[in-house]
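Report on one structure; see the data block that follows.
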Amino acid sequence: MREDAVTDRGIWFRLEAGSTGSVVRRAVERLGQQLELGDARTADLAIVAAELSSNLAKHAEDGVLLLRPVRGEREAGVELVAIDAGPGMADLGLSSRDGHSTAGTLGIGLGAIARQASWFDGYSLPGRGTVLAVQVWPSDANGTPWVGALTRPLSGEAVSGDGYAVRVADGRRQVLVCDGLGHGPLASAASDAAIAAFHAAPAAPPAVVVEYLHRAMSHTRGAAVGVAELDPPAGVLRYAGLGNITAQVVAGGRRRGLVSLPGIAGHQRPTVREYEYGLEPQDLLVMHSDGVVDRWQLDDYPGLAARSPLVVAATVLRDAGTRRDDACVLVARAGE
């Protein structure tokens, strides 16, 4: 593990042995210093990381931990996402109480984690595993985000060619998922170019944003892109996509697919069209790259749809993501 700055893409750790915990601790302390979290909150963060990494190593099946910065309007914090495919817990709320033991599962220490965290959420299903998401901020002024997303590189690669971005531009709540062609550094560079262009694009509808991305990415190998705009007051979701980005609105267990046209942003002259869909406050937007198999059903996870978008995204990535490709999942809630 290099002793340099942790990027916004984060670092994934596979927790298979207790010795990995020391590597996680050093990375956590380095990120706390990097973000000027302060000594007290960095110490709190270290406790959270120690509990998560220790229990993943002891009790998890295929346990992994994501460490990355999170950025608010005025300050930055640290986010940890623990993903476990192990036995799961029957009552996550009970397991989070101080003094409650969940020997043999990822529940041990959840009370300590909840005490130190600025924000904490999770989901567990017996026989399927557990997802825990924790944020530690310098203050407690940051609320639950309306959107959550994760990327994971192809096994053996250091960087992912998949990416995502979120912005609110003149009141427009927009999200991007992109998949750079191929894998490795060149695919990651294409994805980075799409993300930079997305943030620089005019505050305009998704079709205009996708056209902007296409022009800005001509120097790259290109990428599949999808841009969605959630407009809860109007009850509308607007979407424009090129290539193999899957986007769906999930409501009451039913999935509605959004139209993405053939093409590659940055190459040739693709046809870009925008489509509108009805949107209710309880609806979820789920977008993912082709590194996620499109056979997931939220109905298979009782209560998951009510959890935070990040926990929903991490659960889908765990169970539907493939290790043979880069993978990205983004989930946004209309009513938050």
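Note: hydrogens, waters and symmetry copies are ignored here, and every other heavy atom, side chains too, is used.
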(request) Decide whether V316 and L154 are clustered together by the hydrophobic rule: side chain heavy atoms of Ile, Leu, Val, Met, Phe, Trp, Tyr closer than 4.5 Å, transitively. (result) no

(message) Can you list everything that forms a salt bridge (charged side-chain N to carboxylate O under 4.0 Å, His left out) with R215? Sequence neighbours excluded, please.
(response) none

(request) Could you tell me the separation between the CG atom of L258 and the OH atom of Y275, rounded to the nearest 0.5 Å? (result) 11.0 Å

(message) Please report the interatomic distance CZ(R307) to CG(D121), rounded to the nearest 0.5 Å.
(response) 4.0 Å

(message) Determine whether R333 and V147 satisfy the following criterion, side chain to side chain contact (heavy atoms under 4.5 Å, CB included), listing intermediate values before the conclusion.
(response) CA-CA 6 Å; R333 192 182 306 280; V147 60; over 6 Å; no

(message) If the condition is side chain to side chain contact (heavy atoms under 4.5 Å, CB included), which residues does A223 pass it with, not counting sequence neighbours?
(response) M217, V225

(request) Please answer: with hydrophobic residues joined when any side-chain heavy atoms are less than 4.5 Å apart, are V236 and V286 in the same cluster? (result) no

(request) Taking the side chain as every heavy atom from C-beta outward, state whether L56 and D84 have any atom pair closer than 4.5 Å. (result) yes

(message) For R14 versus D62, what's the shortest heavy-atom pair and its separation?
(response) NH1-CA, 4.0 Å

(message) Between H214 (side chain only) and A265 (backbone N and O only), is there a donor and an acceptor less than 3.5 Å apart?
(response) no

(request) List in chain and number order the residues that pass side chain to side chain donor-acceptor pair (under 3.5 Å) with Y239, two or more places apart in sequence or in another chain; answer none if no residue qualifies. (result) none

(message) Applying a strict under-4.5 Å side-chain criterion to I, L, V, M, F, W and Y, I'd like to know whether V24 and I11 cluster together.
(response) yes

(request) Evaluate the side-chain proximity of D290 to T246: yes if any heavy-atom separation is below 4.5 Å, no if none is. (result) no

(request) Would you please name every residue forming a side chain to side chain contact (heavy atoms under 4.5 Å, CB included) with P153, sequence neighbours left out? (result) W12, E157, S160, D326

(message) Please give me the minimum heavy-atom distance between S188 and V159, naming the atom from each residue.
(response) CB-CG2, 3.9 Å

(message) Less than 4.5 Å apart, side chain to side chain, heavy atoms only: is that true for V175 and L285?
(response) yes

(request) Answer yes or no: is there a side-chain heavy-atom contact under 4.5 Å between Q174 and V209? (result) yes

(request) Look at the side-chain heavy atoms of Ile, Leu, Val, Met, Phe, Trp and Tyr, link any pair under 4.5 Å apart, and say whether V312 and Y301 land in one connected group. (result) yes

(request) Answer yes or no: is there a donor N or O on one side and an acceptor on the other, between the side chain of H267 and the main chain of R221, under 3.5 Å? (result) yes

(request) Establish, from distance only, whether the side-chain atoms of S139 and E75 form a donor-acceptor pair under 3.5 Å. (result) yes

(message) Would you compute the distance between atom CG of L237 and atom CD of E280 and round it to the nearest 0.5 angstrom?
(response) 12.0 Å

(request) Might you point out which heavy atoms bring F13 and A27 nearest each other, and give the distance in Å? (result) CZ-CB, 3.8 Å

(message) Are V249 and V166 connected into the same hydrophobic cluster when the rule is that any two of I, L, V, M, F, W, Y join if their side-chain heavy atoms are below 4.5 Å apart?
(response) yes

(request) Would you mind reporting whether L37 and W137 have side-chain heavy atoms less than 4.5 Å apart? (result) no

(request) Write down the atom of A133, the atom of W119, and the distance for their closest heavy-atom approach. (result) CB-CZ3, 3.8 Å

(message) Just to verify, which of L52, L65, V81, V48 counts as forming a side-chain contact (heavy atoms from CB on, under 4.5 Å) with L132?
(response) L52

(message) Show the nearest heavy-atom pair for residues S260 and G243, with the distance to one decimal.
(response) OG-O, 3.0 Å

Return all side-chain donor-acceptor pairs below 3.5 angstrom for residues 191-198, not counting sequence neighbours, or 'none' if the list is empty.
residue: S191; atom: OG; partner: G163; partner atom: N; Å: 3.3
residue: D192; atom: OD1; partner: R9; partner atom: NE; Å: 3.4
residue: D192; atom: OD1; partner: R9; partner atom: NH2; Å: 2.6

(request) Please tell me if the side chains of V311 and V331 come closer than 4.5 Å, counting only heavy atoms from C-beta onward. (result) no

(message) Filter on salt bridge (Lys or Arg N to Asp or Glu O under 4.0 Å), then keep only pairs touching residues 194-210, sequence neighbours left out; what's left?
(response) none

(message) Taking atom CD as the centre, does E36 end up with more than 12 heavy-atom neighbours from other residues, nucleotides or ligands that are less than 6.0 angstrom away?
(response) no

(request) For L35 and R71, run side chain to side chain contact (heavy atoms under 4.5 Å, CB included): C-alpha distance rounded to whole Å, both residues' side-chain angles, the deciding distance at 0.1 Å, then the answer. (result) CA-CA 10 Å; L35 299 178; R71 305 189 186 278; 3.9 Å; yes

(message) Just to verify, what does D300 make a side chain to side chain donor-acceptor pair (under 3.5 Å) with, not counting sequence neighbours?
(response) none

(message) I need the full list of salt bridge (Lys or Arg N to Asp or Glu O under 4.0 Å) pairs touching residues 249-276, with sequence neighbours left out, sorted by first then second residue.
(response) E211-R269, R238-E276, R255-D294, R256-D283

(message) Run the side chain to side chain donor-acceptor pair (under 3.5 Å) test against E79 and tell me which residues pass, sequence neighbours left out.
(response) R68, Q135

(message) Are V136 and Q116 packed together at the side-chain level, in the sense that at least one heavy-atom pair is separated by less than 4.5 angstrom?
(response) no

(request) Kindly indicate, with the supporting measurements, whether the criterion side chain to side chain contact (heavy atoms under 4.5 Å, CB included) is fulfilled by L181 and I264. (result) CA-CA 9 Å; L181 293 189; I264 302 170; 3.8 Å; yes

(request) Drop me the distance from S53's OG to L67's CG, to the nearest 0.5 angstrom. (result) 11.0 Å

(request) Identify the two heavy atoms, one from V134 and one from A117, that lie closest to each other, and give their separation to 0.1 Å. (result) CG1-CB, 3.5 Å

(message) So, using salt bridge (charged side-chain N to carboxylate O under 4.0 Å, His left out) as the criterion, who are the partners of D44 when residues are at least two apart?
(response) R41

(request) Measure the OG1-OH distance between T315 and Y123 for me, rounded to the nearest 0.5 Å. (result) 7.5 Å

(message) Could you walk me through whether R173 and E229 satisfy the side chain to side chain contact (heavy atoms under 4.5 Å, CB included) test, starting with their C-alpha distance in whole Å, then the side-chain angles of each, then the deciding distance to 0.1 Å, before giving a yes or no?
(response) CA-CA 6 Å; R173 295 169 58 176; E229 178 178 296; 5.8 Å; no

(request) Quick one: list whatever passes side chain to side chain donor-acceptor pair (under 3.5 Å) with S289, sequence neighbours left out. (result) D162

(message) For a 4.5 angstrom cut-off between non-hydrogen side-chain atoms, does L80 reach L45?
(response) yes

(message) Can you confirm whether Q268 is buried at CD, in the sense that more than 12 heavy atoms of other residues, nucleotides or ligands lie under 6.0 Å from that atom?
(response) no

(request) Can you tell me which residue pairs pass the side-chain hydrogen bond (donor to acceptor under 3.5 Å, both in side chains) test with a partner in residues 147-156, sequence neighbours excluded? (result) none

(message) Return the CG to CD1 distance between L317 and I83, rounded to the nearest 0.5 Å.
(response) 5.5 Å

